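So the structure is just underneath, and the comments pick up after that.
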Number of protein chains: 2
Amino acid sequence: MTKTASLTASRRNSVDDIVDHLYREITSLRLLPGTRISETDIASQFGVSRQPVRDAFRRLETMDLILVRPKKATEVKKFSMRAIEKSRFVRAAVEAAALRKAAELCDKAGGFELDSRIAMQHKALANEDYSGFGALDYAFHKAICEIGQVPFAFDIIKEEKEKVDRLCILGLSKERRMPQLIQDHEDIAAAIKAHDAEAAVAAGMRHLSRLDETIAAIQINSAAYFTDDA
Amino acid sequence: MTKTASLTASRRNSVDDIVDHLYREITSLRLLPGTRISETDIASQFGVSRQPVRDAFRRLETMDLILVRPKKATEVKKFSMRAIEKSRFVRAAVEAAALRKAAELCDKAGGFELDSRIAMQHKALANEDYSGFGALDYAFHKAICEIGQVPFAFDIIKEEKEKVDRLCILGLSKERRMPQLIQDHEDIAAAIKAHDAEAAVAAGMRHLSRLDETIAAIQINSAAYFTDDA
DNA sequence: GTATCCCAACTTGGATACAAGACTTGACTT
DNA sequence: AAGTCAAGTCTTGTATCCAAGTTGGGATAC
């Protein structure tokens, strides 16, 4: 989650619990876009009054996860292609910048780090551990940011990635895409190790573009979960 | 503040009014970082109960503008160099991507657009209209995004720019920097019109780096408004 | 049988009362 | 005179009540 994690740690009250719970429910798609949720329902689920739930709703609202329609109802926000394109653009820009830095600054230890992460991905593929691949994918991109000495870049990538990950649950299973994604990672790692910034960026953008196809397919198959804004 | 108190609470969503008001107060630095604000105080200022103010606080909290310390107090959040660096990185990455696209796609009309905006900036400089320069600066960067056909890129640039603008009020007056900034804009426009992406990015990064000096100076002179996190 | 209209039940928004933690200030003790 | 402890007053957190608007269903008229 975006917030200041270190500070919220000392603030474990019921509001945070409700926010966390609904955040997970929504991002995991257990609560589908368009689902109506009621303050009183959530309140009784947690055994508290409406007040903490209201606070939680305000936070989720500014996080753009729910849509509060006064006097009518509150529902899980639908996907917006406009928001997705914006998110994709940010991620592409940040990832490109991180890749350039990584290609410039990568040393032997960095190269080894990338290789070992890719090896773990191969192992996950061999073990058919599809659910664990997500974390390995995150770790790979995080390693790139660290090699490029732009650790905060991963914060942004993570934020944007999470937004889209929710969407991708609707798509095909990962197992078919995994070999392709690992191959992309190998291309990226090779370019970084060769200090070839442009090749690294090109490989990174190719990697990202896989997502576009997936999203396009989902948009067609699950049109009901999308707003018709753009 | 007192003049609009009862009027703004007319028939609009009072929560939005409170958020807007506090947002302006904070970003304009009329409310300095560290200033304590109380739910009951704001409530009586607006002539409403604590409830709408609480809702507003939740929104401002997720916007990272205030820090709510339960049972203690709520205060205007201080500047964090970590957050500023992150913001700078995002902006640099997005701006670089927009500049590359703009250099690729710029046509005659786009070049004219850039030139005319720069001409307006020269005029503002001649008229010593320092306060109006800010809007012209925004417009220039927005034009770049539009030429590059990435309109949402400006949304992000604007967001990040606003965060830092609050800080820059503490710095030196713009009048000394204006000629330099306009010169930067001319370099950027020339590179875009020449379809030289790398030169455009280089000029854009040089433009952004001016901010670093300003911020460094402010950090020293106004250390009280900064957290000591980074 | 169908269409229309009204009312009841649902939703969130706002106000108020009370609870609980933290800081301040004062008096009391040493 | 100085240190310590406790009460008071500040803060935000929570519960509950009422207001206002929308929706859907049931009853009634045709």
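Chain letters run A, B, ... following the sequence lines, proteins first and then strands; every chain starts at 1. From a predicted model like this one, the values you see are computed outputs, not experimental measurements.
- In this structure, CG of A:D17 is placed 10 Å from P of D:dT14, rounded to the nearest angstrom.
- Between the side chain of B:R69 and the base of C:dG21, no donor-acceptor pair under 3.5 Å is found.
- Here the C1' atom of nucleotide C:dG14 and the CD atom of A:E39 are 12 Å apart, to the nearest Å.
- Set against D:dC18, D:dG13, D:dA15, the side chain of A:R50 has D:dC18 as its closest nucleotide.
- In this entry the distance linking CD1 of A:I37 with P of C:dC10 reads 18 Å, nearest Å.
- Using a distance-only test at 3.5 Å, with no hydrogens or angles considered, a donor-acceptor pair links the side chain of A:S80 to the main chain of A:A83.
- Protein atom CZ of B:R58 is 16 Å distant from nucleotide atom C1' of C:dG14, rounded to whole Å.
- Residues A:G47 and A:K71 both approach DNA chain D. Their nearest nucleotides, taken by heavy-atom distance, put A:G47 toward the 5′ side.
- Within 3.5 Å, no donor on the side chain of B:R54 pairs with an acceptor on the base of C:dG14, nor the reverse.
- At most 12 heavy atoms of other shown residues, nucleotides or ligands fall within 6.0 angstrom of atom OH in A:Y225.
- Salt-bridge annotation for B:R88 and B:E85: absent, with no side-chain N of the basic residue lying under 4.0 Å from a carboxylate O of the acidic one.
- Residues A:E61 and A:K77 form no side-chain contact, since every pair of their non-hydrogen atoms from C-beta on lies 4.5 Å or further apart.
- Rounded to an integer number of Å, the gap from A:E75 CD to D:dT22 C1' is 14 Å.
- Between the P atom of C:dG14 and the CD1 atom of B:I18 lies a distance of 8 Å, rounded to the nearest Å.
- Each of A:F57 and B:P52 was assigned the nucleotide of DNA chain C with the nearest heavy atom; the assignment lying further toward the 5' end belongs to A:F57.
- Residue B:D16 contributes atom CG, which lies 11 Å from atom P of C:dG13 at whole-angstrom precision.
- Contact annotation: A:T74 side-chain N/O to C:dT12 OP1/OP2 distance is under 4.0 Å.
- Look at A:S38 and you won't find any side-chain N or O under 4.0 angstrom from OP1 or OP2 of C:dC10.
- Across the interface with DNA chain D, nearest-nucleotide mapping of A:K72 and A:Q51 shows A:Q51 to be the residue nearer the 5′ end.
- Among the atoms of the strands shown, none is found under 4.0 Å from any heavy atom of B:R36.
- Contact record, A:Y130 with A:M178: CD2-SD, 3.4 Å, taken as the closest heavy-atom pair.
- Computed from coordinates, the A:L67 CG to C:dT11 P distance equals 16 Å when rounded to whole Å.
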